[in-house]
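Worksheet for the structure shown next.
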Protein chains: 2
Amino acid sequence: MGRRKLEMKRIEDKSSRQVTFSKRRSGLIKKARELSILCDVEVALLVFSSHGRLFEFCSGNSLTSVLERYQNHREEEKESKDADAQGSTSENGGKSHAELLQLVQRLVEEPDYEDFNVTDLVELEKDLTIALTQTRNRKVLS
Amino acid sequence: MGRRKLEMKRIEDKSSRQVTFSKRRSGLIKKARELSILCDVEVALLVFSSHGRLFEFCSGNSLTSVLERYQNHREEEKESKDADAQGSTSENGGKSHAELLQLVQRLVEEPDYEDFNVTDLVELEKDLTIALTQTRNRKVLS
DNA sequence: CTGTCTATGTATAATAC
DNA sequence: TGTATTATACATAGACA
């Protein structure tokens with residue numbers, strides 16, 4: 001977005017890093033504001049400079065209210081996870097991707113694989129959904 | 001940034017609004033991530049869709065830790081405001097803004113003002129820097 | 001609703017002051 | 001140290017699948 005392409009790693013030169021920080025920070029805040037206006041959604045953004053200075057943007061009245069909403073959201077999320085964690089193998093969300101891959105592979109290669117029953121399949125579906133969500137999140141970030 | 005320029009107001013067509021939300025949200029998260037990597041700073045971003053879904057980005061391990069840092073920052077700020085509301089010359093940062101103003105005024109009006117030596121000037125500079133930082137913080141938060 | 005394409009509008013890295 | 005300019009890279013609106 002400038003004269004040349006930047007590698008995605010920490011800018012080593014202190015001076016350029018500072019300049020880039022200043023420019024990109026305002027750009028980011030501008031875009032956060034645009035998103036909240038155009039799409040009529042709540043947005044909160046916090047940036048701490050390396051020297052501890054705080055820059056923030058918030059679509060509504062106060063960042064505090066957004067943060068409260070975040071806390072509520074986390075609690076609700078936790079409750080719903082607890083609710084269906086009854087069938088889950090681990091607290092934080094099903095099997096590892098490697099495990100899932102093996103499971104799916106067995107299922108595909110051996111259609112009569114006898115350890116599978118409806119309960120297993122329901123759990124498998126849930127794990128795949130989680131894995132899918134995680135993968136999508138990573139994609140957005142790359 | 002597309003075929004035509006968008007007005008900065010809520011997009012009325014529900015479908016376009018949703019599409020724009022999806023695209024700009026990923027763009028914003030990507031840029032938040034780039035800022036945190038390139039400039040080696042802490043960034044937290046929260047977006048609530050109109051249907052209450054949460055999308056978030058956080059540069060470190062957990063949003064919680066960033067939010068804690070935010071809370072601390074607010075407390076420190078409150079303390080420093082309280083401090084200079086008293087017109088303090090106290091521990092945490094030099095002279096009151098009123099005192100500084102007088103000092104600078106004397107310096108400007110009387111170039112030969114005799115009480116100034118290098119040590120005083122160094123201290124003055126330090127005080128001005130602190131005052132500047134406090135003013136900037138207030139500006140950012142307003 | 002998700003992905004793709006592409007013309008255009010924006011953001012910004014480097015540079016000049 | 002900013003501030004302004006410019007050349008590029010990037011984001012995305014609209015259209016379509």
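Each chain gets a letter, A, B and so on, in the order the sequences are listed, and its residues count up from 1.
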### Query
Is the base of C/dT6 touched by the side chain of B/Arg3 through a donor-acceptor pair closer than 3.5 angstrom?
yes
Separation between [atom1] of [X] and [atom2] of [Y], rounded to the nearest 0.5 Å:
| X | Y | atom1 | atom2 | answer |
| --- | --- | --- | --- | --- |
| A/Leu67 | B/Tyr70 | CG | OH | 6.0 Å |
| A/His51 | A/Gln18 | NE2 | CD | 7.0 Å |
| A/Glu42 | A/Ser36 | CD | OG | 9.5 Å |
| A/Phe55 | A/Ser26 | CZ | OG | 9.5 Å |
| A/Leu46 | B/Leu45 | CG | CG | 9.0 Å |

### Query
Which residues within residues 21-33 of chain A lie with some heavy atom under 4.0 Å of an atom in DNA chain C?
A/Lys23, A/Arg24, A/Gly27, A/Lys30, A/Lys31
### Query
What parts of residues 36-52 of chain A reach DNA chain C, counting only heavy atoms under 4.0 Å away?
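Output list: empty, so none.
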### Query
C/dC5 pairs with which nucleotide, Watson-Crick or G-U wobble, both distances below 3.5 Å?
D/dG14
### Task
Check B/Ile29 against B/Glu56 and note the closest heavy-atom contact, atom names and distance.
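Looks like CD1-O, 4.4 Å.
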### Query
So which one's nearest nucleotide on DNA chain D is more toward 5', A/Met1 or B/Gly2?
A/Met1
Specify the separation, in whole Å, of atom [atom1] of [X] and atom [atom2] of [N].
| X | N | atom1 | atom2 | value |
| --- | --- | --- | --- | --- |
| B/Arg4 | D/dA11 | CZ | C1' | 18 Å |
| A/Glu34 | D/dT12 | CD | P | 9 Å |
| B/Arg17 | D/dT12 | CZ | P | 18 Å |
| B/Met8 | C/dG9 | CE | C1' | 14 Å |
| B/Leu6 | C/dG9 | CG | P | 12 Å |
| B/Lys5 | C/dG9 | NZ | C1' | 8 Å |
| B/Asp13 | D/dA15 | CG | C1' | 14 Å |
| B/Glu7 | D/dT12 | CD | C1' | 17 Å |

### Query
Mind checking whether A/Leu63 and A/Leu54 sit in one hydrophobic cluster, side chains of I, L, V, M, F, W, Y counted as touching below 4.5 Å?
yes
### Query
How would you list, by chain and number, every residue that makes a side chain to side chain donor-acceptor pair (under 3.5 Å) with A/Ser16, sequence neighbours excluded?
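So A/Ser16 forms a side chain to side chain donor-acceptor pair (under 3.5 Å) with A/Asp13.
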### Message
Determine whether a donor-acceptor pair (N or O, by modelled atom type, separation under 3.5 Å) exists between the side chain of A/Thr20 and the backbone of A/Arg17.
### Response
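Between the backbone of A/Arg17 and the side chain of A/Thr20 there is no qualifying donor-acceptor contact (under 3.5 Å).
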### Query
Within less than 4.0 Å of OP1 or OP2 of D/dA13, is there a side-chain N or O belonging to B/Thr20?
yes
